[in-house]
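As structure tokens, the structure follows; a few thoughts come after it.
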Protein chains: 2
Amino acid sequence: MLKPTIKDIAKALNLSTSTVSRALRDSYEISSGTKQKILEYAQAVNYTPNPIALSLRENKSHSICVIVPQIANAFFSEVINGIDETAYRRGYHVVIFQTHEQYEREIRDLNSGLARRADGVVISLSGTTTDFDHFRQLQAEQVPIVFFDRVPPFDNCHKVVADNFAGAYEGTRYCCPRAKNGLLTLPALLFCLSPENGWKGIKPASRTSGRLWKRGLSGFALFDTAETLQTIEEIIHTEHPDSFFLSSERLALYSLKGIKKNQHLLPPDLEIIGFSNNPYNGLLDLPFISIQQPAFEMGKQAADLLIDAIESRQKQTSFKKIVLKPTILAANA
Amino acid sequence: MLKPTIKDIAKALNLSTSTVSRALRDSYEISSGTKQKILEYAQAVNYTPNPIALSLRENKSHSICVIVPQIANAFFSEVINGIDETAYRRGYHVVIFQTHEQYEREIRDLNSGLARRADGVVISLSGTTTDFDHFRQLQAEQVPIVFFDRVPPFDNCHKVVADNFAGAYEGTRYCCPRAKNGLLTLPALLFCLSPENGWKGIKPASRTSGRLWKRGLSGFALFDTAETLQTIEEIIHTEHPDSFFLSSERLALYSLKGIKKNQHLLPPDLEIIGFSNNPYNGLLDLPFISIQQPAFEMGKQAADLLIDAIESRQKQTSFKKIVLKPTILAANA
DNA sequence: TTTATTTACGCAATCGTTCCCGGAGGCAGT
DNA sequence: ACTGCCTCCGGGAACGATTGCGTAAATAAA
């Protein structure tokens, strides 16, 4: 049997749909006798309101659109977990989209999420997004939107980020004192970590210790796993670094593989530091000091911020930026 | 400005909504002149059909409901990735729910997913689900549903699983020949791996090598991370095993932490084997042989199976069971 | 008894779209 | 000229729910 509708109930009880609807919403206009009859019958046939009909009427879907570069990633999946936690608690559904680091898919995901009348968007920018007109557009249309982790370079929007400056600073301070031949970084994602914060986070620390800094390759080639591996191997062979700074989760994994494979070429007191939320970090065979972003908390706060924005009917004028502290996890801890 | 509707276009061009609708669907009943005018105008105002209205009319949402125990898990997030891949390709949206291993939430997730008129469900059972009436109910209501990995013990449903028998068999064969004091397993999830397969997978291997097998604790306490850690430490202190079989991703992580912490109590040629999809497995400081389930492929196939079922209008009478081969990843490979 | 007020419900529009009818006008065949 | 048949388009119901408005009956106030 198909899902019963209000019409079915009305017909069965010889009432009008308006009466049934009002009874179900416990309106004062309906006598308690009628109310009870309707409630009982609805219970009996297991009536549930059709949210699609409601969405159509109210132009609201009670769902939020979550757009991330990739789901299968320790950081993003934990953020999604946090978003889900809050959304579930506050009665929203979570619809997921992946950009696979592609600007074009970001646009398409955004369009298709909003075509479905998502009430708002939580997003972490794709690695190839350098143009932000599509977000300007959404802002003009008053679509509630919250950015997390990889955020756009302008201020009039809600943001939830980790304090990557502090993370990188503390992390490199931890690492540098023992670094001898320089610190090498693969800054593929640093522009996302925010250009002003990522490098600032590293630079002061490096000046403190007075070490040589050298950039590795930059750019998006490093999103490709094979290329990451190849790049790190090249660097190892030509530069013989004794320390590494790995600026993102995805980068970390394949860099570590490359380092492990060529470990015989590297000094025994090798230092590696990087952003990573992988839960296995404490169990690695490599001296990997990870800067762990508070992913779950970021997700929770981003969702709360978004739902607050959705539910406050008034036009957004002020914007929040929430900054959370990362934690440093020493190798083999 | 709000999204333009068919009605807006009709009004602007002095036509009826029927004509506009037909023109947009390229109906033969509309003259090419009119058609072109409508198409051009639609393009100009950036018209996109309202999928909610369509859903209401067709009683179809073009979205699939995905229910997993947890998102932030290397295995499940990769499965979701696979589901998303297929769903995106075939024009469906993915709505995610987590049970957190709770039967009650499984019921609620199922209800709320279907209340939103999801066209079908892809699900991996919660660890505390022992009763399957809710699925029987859905089957009676002809809701398309595909189970993966943790599947119910009856046959008349679609399933996508890894060949855990082969995985465990191969894995233990790999491991056992060198095991001396017996193999110890934490079978918390083995009932999910399917009672007949999980243990069968281990037993033949153990008989082959003639070793002693001993069960660790069973039950759901092991879903709790702190308790997993405590349990594994107890086992280490009392049993002094020289090998471990860890039957799930979540179990693996905390067991490994316990093993690492107490490594000094264990023999140097320790053997550990278990199901795990963590990408860092090859980089661990422990001799962990992981049985990797083809998570992405499982997700893809599950989604294809589901969408096929959704789109074949006829009542399902035969059911598919897809079995995929796991791969064994040697330690430090 | 008449009038005013409340109680308890029904009617119909609305959201955006599709699609079954029906119908006007043009053209050819008889 | 009459019938038949296309071509091209509009009217209106339907999907499921909510809600402003109207109104009958019941009750209260005069």
Side-chain angles (χ1 to χ4, degrees), chain A residues 1-39 41-42 45-63 91 111-112 114-119, chain B residues 1-39 41-42 45-63 91 111-112 114-119 141 313:
Chain A
M1 188 176 56
L2 286 180
K3 289 233 165 214
T5 72
I6 257 189
K7 214 177 285 184
D8 298 327
I9 301 181
K11 205 169 294 171
L13 299 180
N14 246 356
L15 291 167
S16 75
T17 59
S18 353
T19 304
V20 175
S21 170
R22 273 186 274 251
L24 292 173
R25 329 196 98 242
D26 201 28
S27 161
Y28 68 97
E29 295 186 276
I30 306 299
S31 71
S32 57
T34 312
K35 223 179 250 179
Q36 194 181 345
K37 241 191 306 192
I38 292 175
L39 254 41
Y41 188 81
V45 297
N46 192 23
Y47 168 80
T48 54
N50 184 329
I52 296 183
L54 287 179
S55 292
L56 178 59
R57 189 160 208 286
E58 299 172 2
N59 206 32
K60 199 166 178 324
S61 64
H62 269 277
S63 68
N111 285 337
S112 75
L114 293 172
R116 299 269 174 132
R117 302 302 189 271
D119 296 337
Chain B
M1 188 176 55
L2 287 180
K3 291 228 166 218
T5 71
I6 261 190
K7 214 176 286 183
D8 298 327
I9 301 182
K11 203 168 295 172
L13 299 180
N14 246 357
L15 292 167
S16 75
T17 59
S18 348
T19 304
V20 176
S21 171
R22 273 186 275 250
L24 292 173
R25 330 195 99 243
D26 201 27
S27 160
Y28 67 97
E29 295 185 276
I30 306 298
S31 72
S32 58
T34 311
K35 224 180 248 181
Q36 193 180 345
K37 241 191 306 190
I38 292 176
L39 254 41
Y41 188 80
V45 297
N46 193 23
Y47 168 81
T48 54
N50 184 329
I52 296 185
L54 286 179
S55 293
L56 178 60
R57 190 157 209 290
E58 299 171 3
N59 203 32
K60 202 165 174 325
S61 64
H62 270 276
S63 68
N111 285 336
S112 76
L114 293 173
R116 300 269 173 134
R117 303 300 190 272
D119 296 337
E141 292 172 13
R313 316 296 229 80

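To find a chain, count down the sequence lines: A is the first, B the second, and so on, and within it residues start at 1.
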Without decimals, in angstroms, what is the distance between [X] [atom1] and [N] [atom2]?
| X | N | atom1 | atom2 | answer |
| --- | --- | --- | --- | --- |
| B/I6 | C/dC19 | CD1 | C1' | 12 Å |
| B/E29 | C/dC21 | CD | C1' | 11 Å |
| B/L56 | C/dC19 | CG | P | 14 Å |
| B/I9 | C/dG16 | CD1 | C1' | 11 Å |
| B/R57 | C/dC20 | CZ | P | 9 Å |
| B/L24 | C/dG16 | CG | P | 15 Å |
| B/N59 | C/dT18 | CG | C1' | 14 Å |

Is any side-chain N or O of [X] closer than 4.0 Å to OP1 or OP2 of [N]?
| X | N | result |
| --- | --- | --- |
| B/K3 | C/dG16 | no |
| A/T19 | C/dA8 | no |
| A/Y28 | C/dC9 | no |
| A/S18 | C/dG10 | no |
| A/R22 | C/dA8 | no |

What heavy-atom pair brings A/T17 and A/A10 nearest, and what distance separates the two atoms?
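For A/T17 and A/A10, the tightest heavy-atom pair comes out as N-CB, 3.8 Å.
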DNA chain D: 5'-most and 3'-most nucleotides touching chain B, 4.0 angstrom heavy-atom criterion
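That gives a stretch of D/dC8 to D/dG16.
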Kindly point out which of C/dG10, C/dA13, C/dG16 is positioned nearest to the side chain of B/T5?
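Nearest listed nucleotide: C/dG16.
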Choosing from C/dT17, C/dT14, C/dA12, which nucleotide comes nearest the side chain of B/L54?
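Closest of the options to the side chain of B/L54: C/dT17.
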Over all strands shown, is A/I52 touching base, sugar-phosphate only, or nothing at heavy-atom distances under 4.0 angstrom?
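Contact class for A/I52: none.
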Check every strand shown and say whether A/T34 touches a base, only sugar-phosphate, or nothing at a heavy-atom separation below 4.0 Å.
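Counting heavy atoms under 4.0 Å across all strands, the contact made by A/T34 is with sugar-phosphate only.
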What bend angle does the helix from C/dT1-D/dA30 to C/dT30-D/dA1 show across its length, from five-pair end axes and to the nearest 10 degrees?
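It comes to 70° between the two terminal axes.
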